[in-house]
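Written out below as structure tokens is the structure these notes cover.
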Amino acid sequence: MELKMREGYEGTGPGAITPDGCAVELYARLPVYDEPDIIAAAVPAGARILELGCGVGRMTHPLLERGFTVTAVDESPQMLERVRGARTICGKVEDLDLGETFDVVMLASFLVHSGDTEVRRGLLHTCARHVADGGCVLIQREGEEYHTDLPRERVDPSGFTVRMVSAEPVGDGVNSVHAEYEFPDAVWTQTFLSRPLTKEQFEGALAEAGLRVDKYLTEDRIWVRAVRVGEAA
């Protein structure tokens, strides 16, 4: 069954495009950076991880190699076809209710910045619903200047160029962001809606879901470890 593109989202380039404009072939090419090391340092060894929005398994596979047990969730069956060695579940993250809990719930890929406030609430409630007592939620936020100083580009050491072309306001505090990924043999673009969140707004969104910041894991505050309100760190 082909999924309908989300309103305000678009993607171009070779191969399948997911409802939020992500190109499966592009994400299969993107390298792994330091994310698995950040995650591994923040959670207990061998933890059971629920990875929400896993894509093609760019972080799933390194986490499996480090000895974690991963349940990988994505709404795109084409993305999940690329995941190996993990239990996979196809469905919308904001609607997920597995009836079980995990040591760690992970919401990466800036999903917390969804342009739709109700979707964001659903995502964070999914996190809170699935984290075990004494467990934690790991969230990846946008950088402080993600929507400013545009256009900008970065040439990756592996040989492709990423361009953040524009972030245009479309109302209600939401921006339409346009990105380009240029490889020697192919070009992909993605247009998506993103809601910038200050530190205070982000922490307020967590509180709505019954979560609180335990620790900002990186100096730029992009990676965050959260716990349930009322639980000790």
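The figures here come from the full heavy-atom set of this structure, side chains too, leaving out hydrogens, waters and symmetry mates. Numbers here simply count residues along the sequence, with the first being 1.
- Taking CG of Leu123 as the start and CD of Glu118 as the end, the distance is 11.0 Å to the nearest 0.5 Å.
- Checking side-chain atoms of Arg48 against main-chain N and O of Thr71 turns up no donor-acceptor pair under 3.5 Å.
- Formation of a donor-acceptor pair under 3.5 Å by the Arg87 side chain with backbone atoms of Ala72 is not found in this model.
- For the pair Met164 and Asp149, the minimum side-chain heavy-atom distance is 4.5 Å or more.
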| request: Kindly determine whether Cys127 and Leu52 satisfy side chain to side chain contact (heavy atoms under 4.5 Å, CB included), including the steps that lead there. | output: CA-CA 8 Å; Cys127 292; Leu52 303 174; 3.8 Å; yes
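- Considering every non-hydrogen atom in both Val104 and Ala47, the closest pair reads CG2-CB, 4.0 Å.
- Arg225 contributes no side-chain N or O that, together with a main-chain N or O of Val137, makes up a donor-acceptor pair within less than 3.5 Å.
- No side-chain donor-acceptor contact under 3.5 Å links Ser176 to the backbone of Leu193.
- Note on Val43 and Val70: same hydrophobic cluster, where clusters join Ile, Leu, Val, Met, Phe, Trp and Tyr whose side-chain heavy atoms are under 4.5 Å apart, directly or indirectly.
- Residues Thr101 and Val131 have side chains not in contact (no heavy-atom distance under 4.5 Å, counting atoms from C-beta outward).
- A heavy-atom distance below 4.5 Å is found between the side chains of Glu25 and Arg82.
- Grouped with Leu80 in one hydrophobic cluster are Val83, the linkage being side-chain heavy-atom contacts under 4.5 Å among Ile, Leu, Val, Met, Phe, Trp and Tyr residues.
- Annotation for Val162: hydrophobic cluster partners, listed by chain and number, are Val24, Leu26, Tyr27, Leu30, Tyr33, Val56, Met79, Phe160, Tyr181, Phe183, Trp188 (ILVMFWY side-chain heavy atoms under 4.5 Å, direct or chained).
- With 3.5 Å as the limit, one finds a donor-acceptor pair spanning the side chains of Arg195 and Thr117.
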| request: Applying salt bridge (Lys or Arg N to Asp or Glu O under 4.0 Å), run through Arg29 and Asp185 and close with a yes or a no. | output: CA-CA 12 Å; Arg29 294 188 183 201; Asp185 62 338; 2.8 Å; yes
| said: Between Glu75 and Cys90, does the side chain to side chain contact (heavy atoms under 4.5 Å, CB included) criterion hold? Intermediate values first, please. | reply: CA-CA 5 Å; Glu75 70 177 357; Cys90 188; 5.7 Å; no
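- Leu107 CG to Thr126 OG1: the interatomic distance, rounded to the nearest 0.5 Å, is 9.0 Å.
- Ionic pairing of Asp133 and Arg228 is present here: one or more N-O contacts between side-chain nitrogen and carboxylate oxygen are shorter than 4.0 angstrom.
- Across all non-hydrogen atoms, the minimal contact from Ala108 to Met59 is CB-CE, 3.5 Å.
- Remark: side-chain polar atoms of Asp172 are not paired, donor with acceptor, to backbone N or O of Val174 under 3.5 angstrom.
- When the options Leu211, Val227, Asp103, Val224 are evaluated for a side-chain contact (heavy atoms from CB on, under 4.5 Å) with Cys136, the one that passes is Val227.
- Cluster membership check: Val213 shares its hydrophobic cluster with Val105, using side-chain heavy-atom separations under 4.5 Å among Ile, Leu, Val, Met, Phe, Trp and Tyr.
- Each side-chain hydrogen bond (donor to acceptor under 3.5 Å, both in side chains) pair with one or both residues in residues 52-68, not counting sequence neighbours, appears once here: Glu35-Arg58, Asp37-Arg66, Glu51-Thr60.
- For Phe202, there are no ring-ring contact (aromatic ring centres under 6.0 Å, His included) partners at least two apart in sequence or on another chain.
- Residues Val177 and Leu111 fall into different hydrophobic clusters, defined by Ile, Leu, Val, Met, Phe, Trp and Tyr side chains chained together at heavy-atom separations under 4.5 Å.
- When all heavy atoms are compared, the tightest approach of Gln78 to Ala16 is CG-CB, 4.0 Å.
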| Run the salt bridge (Lys or Arg N to Asp or Glu O under 4.0 Å) check on Glu208 and Arg121 step by step: do they pass? | CA-CA 8 Å; Glu208 277 190 17; Arg121 288 190 178 115; 2.7 Å; yes
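- In this structure, the separation between CG on Leu64 and OG1 on Thr69 is 8.0 Å, given to the nearest 0.5 Å.
- With a 4.5 Å cut-off on side-chain heavy atoms, Leu63 and Ile39 count as touching.
- Within the 4.5 Å cutoff, side-chain heavy atoms of Pro196 are placed close to those of Asn175.
- Under the 4.5 Å side-chain heavy-atom criterion for grouping Ile, Leu, Val, Met, Phe, Trp and Tyr, Ile139 is not connected to Ile38 through any hydrophobic cluster.
- Between the CD atom in Glu144 and the NZ atom in Lys199 there is a gap of 10.0 Å [rounded to 0.5 Å].
- With rounding to the nearest 0.5 angstrom, the CD1 atom of Ile222 is 6.0 Å from the CZ atom of Phe110.
- When atom types are taken as modelled, the side chain of His130 and the backbone of Leu50 share no donor-acceptor pair closer than 3.5 angstrom.
- Across all their heavy atoms, Gly230 and Arg212 have their closest contact at N-NE, 4.4 Å.
- Annotation: salt bridge (charged side-chain N to carboxylate O under 4.0 Å, His left out) contacts involving residues 157-168, sequence neighbours excluded, comprise Glu153-Arg163, Arg163-Glu180, Arg163-Glu182.
- Counting only N and O atoms by type, the side chains of Glu142 and Ser194 include a donor and acceptor under 3.5 Å apart.
- Under a 4.5 Å side-chain heavy-atom cut-off, the cluster of Ile, Leu, Val, Met, Phe, Trp and Tyr residues that includes Val229 has no other member.
- A heavy-atom distance below 4.5 Å is not found between the side chains of Glu10 and Met5.
- Side-chain contact of Thr191 with His178: a donor-acceptor pair under 3.5 Å is present, judged by distance alone.
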| message | As a quick check of understanding, evaluate side chain to side chain contact (heavy atoms under 4.5 Å, CB included) for Val93 and Val119, giving each step before the final call. | response | CA-CA 9 Å; Val93 171; Val119 170; over 6 Å; no
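- Looking only at side-chain heavy atoms (C-beta outward), Leu206 and Val112 stay at 4.5 Å or farther from each other.
- Counting only N and O atoms by type, the side chains of Ser158 and Asp156 include a donor and acceptor under 3.5 Å apart.
- Val73 and Leu124 end up in the same hydrophobic cluster when Ile, Leu, Val, Met, Phe, Trp and Tyr side chains are linked at under 4.5 Å.
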| said: Using side-chain hydrogen bond (donor to acceptor under 3.5 Å, both in side chains), reason through Asp116 and Ser114 one step at a time and then give a plain yes or no. | reply: CA-CA 5 Å; Asp116 187 326; Ser114 170; 5.7 Å; no
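- At least one side-chain heavy atom of Leu138 sits under 4.5 Å from a side-chain heavy atom of Leu217.
- Remark: Trp223 CH2 to Lys215 NZ distance equals 15.0 Å, nearest 0.5 Å.
- Remark: the backbone N or O of Gly143 is not paired with any side-chain donor or acceptor of Asp220 at under 3.5 angstrom.
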